[in-house]
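By convention here, the first residue in the shown sequence is residue 1.
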Amino acid sequence: MKFVVIDGKKLGAIIVVVGLTLVLFGIGTNLGGRIRSTAYIQSNLGQLKKYNIDNLNISYMLPIKWTTNTEKFSGNEIIYHNNFNDNKSIHGFVQVWNKNQDLLKFLNASKEISEKQNTIQNYSIQKIKVKDKEGYNVQYTIENENGQKFNADEYFIDIGDKFVRFSFYVNSKDYKADMKPIFKAIVETLKV
């Protein structure tokens, strides 16, 4: 029979380190959401304003300083549309669409149509999860007929028989890498 001798000091140190690691992990998880949602405040975007789409039980938030205006479209494909603009370099919109096909098929068809009308570069699509909803993040650079280039960062969130689209466009010369976390933090304000 073998006896294992355990050094009490080493065991105590290991227990303390593991305990501190668990405490820090718990605090980090708890603060993670708050830190992410304050990305817009740290970027001088100020406080957020809540937008409710009452008939659909959907809400989201945009910086209160941004200018917005809703539009109505004929047909039944786009059932909600709200343009936004930071009055500097960011513009875009939030939409709710009736989903009549698989979301990935819709995105691939949209890419084909857009490539016929515009010059698209650096196109990428990646699967994402926003809270408990599946979706896609699409990024690309688009050049309009005047030769202006814009960085596009779009989020398509599947909510069953509909999907929510957040589209952010920034003039390429004004685009900064720290805008991506701001856009993501705005998308994560979505409640369905």
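- Side chain of T189 to main chain of M61: a donor-acceptor pair is present (N/O by atom type, distance under 3.5 Å, no hydrogens or angles).
- Between K180 and D153, at least one side-chain nitrogen of the basic residue sits less than 4.0 Å from a carboxylate oxygen of the acidic one, meeting the salt-bridge criterion.
- Side chain of N98 to backbone of N76: a donor-acceptor contact under 3.5 angstrom is found.
- Within the 6.0 Å centre-distance limit, the rings of H91 and F150 are counted as a close aromatic pair.
- We find that R165 and E154 are joined by a salt bridge, their nearest charged nitrogen and carboxylate oxygen being less than 4.0 Å apart.
- Hydrophobic clustering places L190 together with Y51 (ILVMFWY residues linked when any side-chain heavy atoms are closer than 4.5 Å, directly or through intermediates).
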Report the C-alpha separation of E71 and N69 in whole Å, then their side-chain angles, then the decisive distance to 0.1 Å, and conclude whether the side-chain hydrogen bond (donor to acceptor under 3.5 Å, both in side chains) test is met.
CA-CA 7 Å; E71 287 184 55; N69 72 299; 4.5 Å; no

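- Both Y169 and L107 belong to a single network of hydrophobic side chains, linked directly or stepwise wherever heavy atoms of I, L, V, M, F, W or Y lie under 4.5 Å apart.
- A heavy-atom distance below 4.5 Å is not found between the side chains of W66 and L48.
- For the residue pair T67 and N87, a side-chain donor N or O sits within less than 3.5 Å of a side-chain acceptor on the partner.
- Taking the charged nitrogens against the carboxylate oxygens, K99 and D158 do have a contact shorter than 4.0 Å, which makes a salt bridge.
- Taking CG of N108 as the reference point, atom CD1 of I113 lies at 11.5 Å (rounded to 0.5 Å).
- Taking K149 as the reference, nothing meets the salt bridge (charged side-chain N to carboxylate O under 4.0 Å, His left out) condition, with sequence neighbours excluded.
- Put simply, I58 and I79 are part of the same group of oily side chains (I, L, V, M, F, W, Y) that touch within less than 4.5 Å, one to the next.
- Within the 4.5 Å cutoff, side-chain heavy atoms of F73 are placed close to those of H81.
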Stepwise side-chain contact (heavy atoms from CB on, under 4.5 Å) test for I128 and V130:
CA-CA 7 Å; I128 59 167; V130 176; 3.9 Å; yes

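- Side-chain contact check for I186 versus F168: some heavy-atom pair is nearer than 4.5 Å.
- The hydrophobic cluster containing F156 does not contain V96, counting ILVMFWY residues as joined when their side-chain heavy atoms lie under 4.5 angstrom apart, directly or transitively.
- Atom NZ of K131 is surrounded by more than 12 heavy atoms from other residues, nucleotides or ligands within 6.0 Å.
- Contacts of F106 classified as ring-ring contact (aromatic ring centres under 6.0 Å, His included), with partners at least two apart in sequence or in another chain: W97, F163.
- Cation-pi contact between K111 and Y123: present, with separation from the ring centre below 6.0 Å and deviation from the ring axis of at most 45°.
- Connection of F183 to I142 is not established within any shared hydrophobic cluster, with ILVMFWY side chains joined at heavy-atom distances below 4.5 Å, either directly or through further cluster members.
- Side-chain contact between N82 and Y80 is present, with heavy atoms from C-beta onward closer than 4.5 Å.
- In terms of modelled atom types and a separation under 3.5 Å, the side chain of N52 and the main chain of D54 share no donor-acceptor contact.
- Rounded to the nearest 0.5 Å, atoms CG (N118) and OH (Y140) are 8.0 Å apart.
- Side chain of N146 to backbone of Q148: no donor-acceptor contact under 3.5 angstrom is found.
- In this structure the side chain of I125 reaches within 4.5 angstrom of the side chain of L104, judged on heavy atoms.
- For the pair M179/S89, a side-chain contact is recorded, criterion being any heavy-atom separation below 4.5 Å from C-beta on.
- Rounding to the nearest 0.5 Å gives a distance of 9.5 Å between CD of E188 and CD1 of I157.
- K176 and N151 are not linked by any side-chain donor-acceptor pair at a separation below 3.5 angstrom, with hydrogens and angles left out of the test.
- With a 4.5 Å cut-off on side-chain heavy atoms, T141 and S172 count as touching.
- Here the straight-line distance linking atom CG of N100 with atom NZ of K162 works out to 11.5 Å at 0.5 Å rounding.
- By the 4.5 Å heavy-atom criterion applied to side chains, Y136 and K127 are counted as neighbours.
- Taking CG from N137 and CD from Q126, the interatomic distance works out to 5.5 Å, rounded to the nearest 0.5 Å.
- Between the side chain of N171 and the backbone N or O of D174, no donor-acceptor pair lies under 3.5 Å.
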